[in-house]
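First the structure, in the form of structure tokens, and then the observations on it.
In this text, all values refer to a predicted model and were calculated from it rather than measured experimentally. In what follows, chains carry the letters A, B, and so on, assigned in the order in which the sequence lines appear, proteins first and then strands, with residues in each chain numbered from 1.
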4 protein chains.
Amino acid sequence: MGIRVAVAGASGYAGGELLRLLAGHPEFDLVAATAHSQAGTHVTAVHPQLAGLDLTLGVTDAAGLADADLVFLALPHGQSAAVAAQLPAHVKVVDLGADFRLKDAGLWQKYYGGEHAGTWTYGLPELPGQRAAIAASTRVANTGCYAATITLALAPLIASGLASPEDVVVVASSGTSGAGRSAKVNLLASEVMGDLSPYKVGAHQHVPEIKQATGATSLSMTPVLAPMPRGILATVTARFAKEGDPQKVLQEAYAGEPFIHVLPAGQWPHTAATSGSNSCHLQATVDVDSGRIIVVSALDNLGKGASGQAVQCANLMFGLPETMGLSVFGVAP
Amino acid sequence: MGIRVAVAGASGYAGGELLRLLAGHPEFDLVAATAHSQAGTHVTAVHPQLAGLDLTLGVTDAAGLADADLVFLALPHGQSAAVAAQLPAHVKVVDLGADFRLKDAGLWQKYYGGEHAGTWTYGLPELPGQRAAIAASTRVANTGCYAATITLALAPLIASGLASPEDVVVVASSGTSGAGRSAKVNLLASEVMGDLSPYKVGAHQHVPEIKQATGATSLSMTPVLAPMPRGILATVTARFAKEGDPQKVLQEAYAGEPFIHVLPAGQWPHTAATSGSNSCHLQATVDVDSGRIIVVSALDNLGKGASGQAVQCANLMFGLPETMGLSVFGVAP
Amino acid sequence: MGIRVAVAGASGYAGGELLRLLAGHPEFDLVAATAHSQAGTHVTAVHPQLAGLDLTLGVTDAAGLADADLVFLALPHGQSAAVAAQLPAHVKVVDLGADFRLKDAGLWQKYYGGEHAGTWTYGLPELPGQRAAIAASTRVANTGCYAATITLALAPLIASGLASPEDVVVVASSGTSGAGRSAKVNLLASEVMGDLSPYKVGAHQHVPEIKQATGATSLSMTPVLAPMPRGILATVTARFAKEGDPQKVLQEAYAGEPFIHVLPAGQWPHTAATSGSNSCHLQATVDVDSGRIIVVSALDNLGKGASGQAVQCANLMFGLPETMGLSVFGVAP
Amino acid sequence: MGIRVAVAGASGYAGGELLRLLAGHPEFDLVAATAHSQAGTHVTAVHPQLAGLDLTLGVTDAAGLADADLVFLALPHGQSAAVAAQLPAHVKVVDLGADFRLKDAGLWQKYYGGEHAGTWTYGLPELPGQRAAIAASTRVANTGCYAATITLALAPLIASGLASPEDVVVVASSGTSGAGRSAKVNLLASEVMGDLSPYKVGAHQHVPEIKQATGATSLSMTPVLAPMPRGILATVTARFAKEGDPQKVLQEAYAGEPFIHVLPAGQWPHTAATSGSNSCHLQATVDVDSGRIIVVSALDNLGKGASGQAVQCANLMFGLPETMGLSVFGVAP
């Protein structure tokens, strides 16, 4: 018998992707999936792509979750702490929300408001030392999708001393599933198709997480909503702190990593190639005019940016092969 | 050691999807992939979504393929026969092209032109008797993508006597990957996005295949190019030949089928739910005004419509579990 | 001084398109635009594409509208009658809703529910006799967008006796703006992009309107939501009642019509070519297998399918050139 | 009788948009449109959106163009000089290509290769002094689409001394029509839909034009291909050179400009709102973390980015009202 797994917040997009991954995972047995307004509904009425999975959504409470060995929390930001507090210590938990990512309570309050719930092990296995830390944890705070995309591009450059941590400039575009499944006019297909739309310009709440994870000391990030269901493309530019080859730094940092692909010279990451996978594609160059380092990073916001990453962390937490149940390959075109 | 597999025509979209499926298949070992103008190129330069797969495309000839136990031919229509002729009899072959689908040489000549190459076992396992026929074959002609979508909707209705084989009317819209990967102005993103465009109206070459597979005696099919990369949605309408419930007929026909999902009443198939999977979703009703049976069928043209179907057939041909290496679940949103 | 015009329901998509057309119309002076929840908002906060238009949305009531010479009602179905009842008789009104389209009160009740409000002149100028009827009316019921697309394709074929009014089969796909601007999960970009989704299969409320306008006696219509913001493509098939050339019938019916383009042989309508215009593109052929007539019709659901059509009717009602303020040409790609 | 106008290179996307605008222009009479491989074809076979326009494409040579009072050159980069050289001096010319934009012959050779053809008046009327210069010219070099988007955002900030001309960082995403109408695999709908794809990273040929037009001394620009037919969204970040309010600087720079809309505080430009129009939408803020100025700029690459801009320049060259035949309002959704 396998490891018993529950998903709280299974009616959203990250929840649906978790169910898809778990349904195909050799060791994790999906025993419960819960939701808020959709509780009582058959999962295929909410996620028609899961036709063939026989499961009814339950109510998100401790009773429905505590029986599992592993719980994924895919709840709206700010709701994980209350649920997590009710789970027994022996139940392992991966939180896909922002609640436990930040170390600095002041920054939490400034960017999210409300009481800071605490800090869990940060769920990005490719950061130095983080793989072991995750494996040793029972509570893991999964990265945000923008943070994963940008951190994978930037962290090795700053850590190696190649890039200056000052004045990093990022523009990152996300597919619409990153904005969640709530019915809002600005997320309607009529508004989004054929459109690029920036938002939260000048003050995005993920900046503190990115600075914490990368060591950047000053970073401007402009997020853009793009007319596609999945994918994030981040263009990260930084000034050189010393001479060197940014592509080489990335190659060395990620040698042997199964999910991080520094592309051959001349090939640039694009989001569709990562769709449905747990991979992140990277490429770097030096801008001929400004002399800035430019790194482009692409991943699936629901894959390596959320649910895939969460399963990868859970694999580590249970001593399973890190790639189990996850695909390196994208579904394209 | 597993079964040695080669893919001819690996640079196209069906070829790329085959490589993705084979790379994750537990028993099939991908030993060669060949192409025409792209021969000599690393596979990830052609299919960036396969980053992590180390393989160089070879030349499509007997030498590059005959060493395999199983060959998939994903070549342009009309090119399979010449390649197949050079393969030893013991090599099992699944042809994704149209060359060997039709039984009637006259119809082949009328709709495709040129010499008829012959007739192979038709690769649609869910047709009565066909599963066993495929398992016993060394040569299988995979269904066309439109034919698979429409046949799965229509065949049981005609076979059961519920629907008249006369005057079937079909409108089917396909994502652009169904049109292949050749550079044509009408397939440019600028032309396709925001657009629905019918083509080959009044005389589509897949009509004879659909009639042969379903028993329809007269059938109008209008294909439409839709602004999405994958997916076919077919609306099939037919007149009643006797009284009965079309949904029930479909449910009975496909009871126990792993990949065919007759949806619960009130839920209608839509293409995104099948994307990346080998599933086909079906629903039926009776039109209140005309009294016609309406069946809607959705699948992924590269999945159950092409490469997924081909792997399913190959599983049968080698006595493997039919679902091996294939996903029932779609990648959505 | 020009003709004073007001738009009720200006915050929706049809309302926004009306504002755009009226802002560029040489004789109509936009004096008021009203909304429900958006009353009090500047129009550019609701319709950013109208930047440069200085107008604040008012409340939808008689006081805000009665001062105009012409009122367009772009309200949700069922809300026009109450507003119209409060407008003085001398104010000319074009209703873009369904309230006054049907002649048969019983059909209204069956398909829409509630009390039938009455019947106004049907606003499709290209139907025989209708141009004069509209010019002589002070109250006009604009066509529905599906009804316009299908009626323009079908009416001349039935009227000429070429097509049988029995057993017409239609599949029509619409861009998402046809579904309105209310925040619903199934209309989210994440759900719609990459997807084709049928709805109201077997019983669409526009069927009675289409039958009334075309003379069809039995008609199956399957509507499909397509991943594009604008446009409807209808495939209309009918059986021959007598011999003849359907393309010729269409050409004769629409000779001299400025907005109806029967395309040259071999060219098929596609939606993008009509985007932003008031044109409808048509083509017809005979299916080689079934012998059915196939007509394909394309238009912009917000143009000839709604707001453009409404302006065309208003031009007639005020004795202005019918094409004034309207474009024949689409905005493509 | 109006001004006689010819379009060379009418089969491309910018050419098609020019024809659309000219067909609706009150003073410009379209007398000829020429093409290369499409010469001899009816214009509606190439641009179906122009159904209703009766015109056959001619051959691009002096004979076909010299008879006009005004010639628009919408040819591939590098082909304008040869055609322009054959036109009489009294024929006014607007070149939509890059040939005559740069002042520095060395930069031309470095970024485009080949002989530098010369320098014409730069066709961006909103730059200080440029309106009069265009009005006085018989030869005008229209801006590039990226250059227009970025220059309108950046030029006033540098000119006012607010922004440093050093270390400007730009990421700009474009719809696919900006890449032209040639049949290339990377522009196929199957590749582009659902995808964001950066290109020419680190060395884009438009950088010298942007630096020349804005006064920037060092500028990194990363272009991204976005899954939409039209529109450019540029995120421009720069460091402060002195204290001040960037939004105010933009408002003052563009007060009274009919096509440049600095949006109300809190509203951000998005591309769909400018589609089909000649407008550019702008907004600015200060990034809370990095302290950088962030300006976002949106326009239609075929409108204010190419053909609309060209008509605006031509209006000025003939002493017509600058806005004649152009729309301030976008076609949305």
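Only the side chain of Ala226(C) comes within contact range of chain B, with at least one heavy atom under 4.5 Å from a heavy atom of that chain. Contacts of Leu196(C) with chain B are made by both backbone and side-chain atoms, with heavy-atom separations under 4.5 Å. For chain B, the nearby part of Val224(C) is the side chain; its heavy atoms alone come within less than 4.5 Å. Only the backbone of Thr217(C) has a heavy atom closer than 4.5 Å to any heavy atom of chain B. In this structure, chain B has a heavy atom under 4.5 Å from the side chain of Thr222(C), while its backbone stays farther away. Heavy atoms of Val207(C) lying under 4.5 Å from chain B belong exclusively to its side chain. Both the backbone and the side chain of Ser190(C) come within contact range of chain B, judged by heavy atoms closer than 4.5 Å.
At distances below 3.5 Å, not a single donor-acceptor pair connects side-chain atoms of Asp289(C) with backbone N or O atoms of Ser220(B).
Note: Val169(B) leads Thr285(B), Val169(B), Thr237(B) in heavy-atom pairs under 4.5 Å with chain C. Put simply, of Pro198(B), Ala203(B), Gly231(B), the one with the most heavy-atom pairs under 4.5 Å next to chain C is Pro198(B). Of all the listed residues (Val201(C), Thr235(C), Val168(C)), the one sharing the greatest number of non-hydrogen pairs under 4.5 Å with chain B is Val201(C). Counting heavy-atom pairs closer than 4.5 Å to chain C, the top-ranked of the candidates Val296(B), Thr274(B), Leu233(B) is Leu233(B).
Side-chain contact between Ser290(C) and Leu219(B): absent, with no pair of heavy atoms (C-beta onward) separated by less than 4.5 Å. When side chains are defined from C-beta on, Asp167(B) counts as touching Arg292(C), because their heavy atoms get closer than 4.5 Å.
Taken from CG in Asp287(B) to NE2 in His204(C), the straight-line distance is 12.0 Å, to the nearest 0.5 Å.
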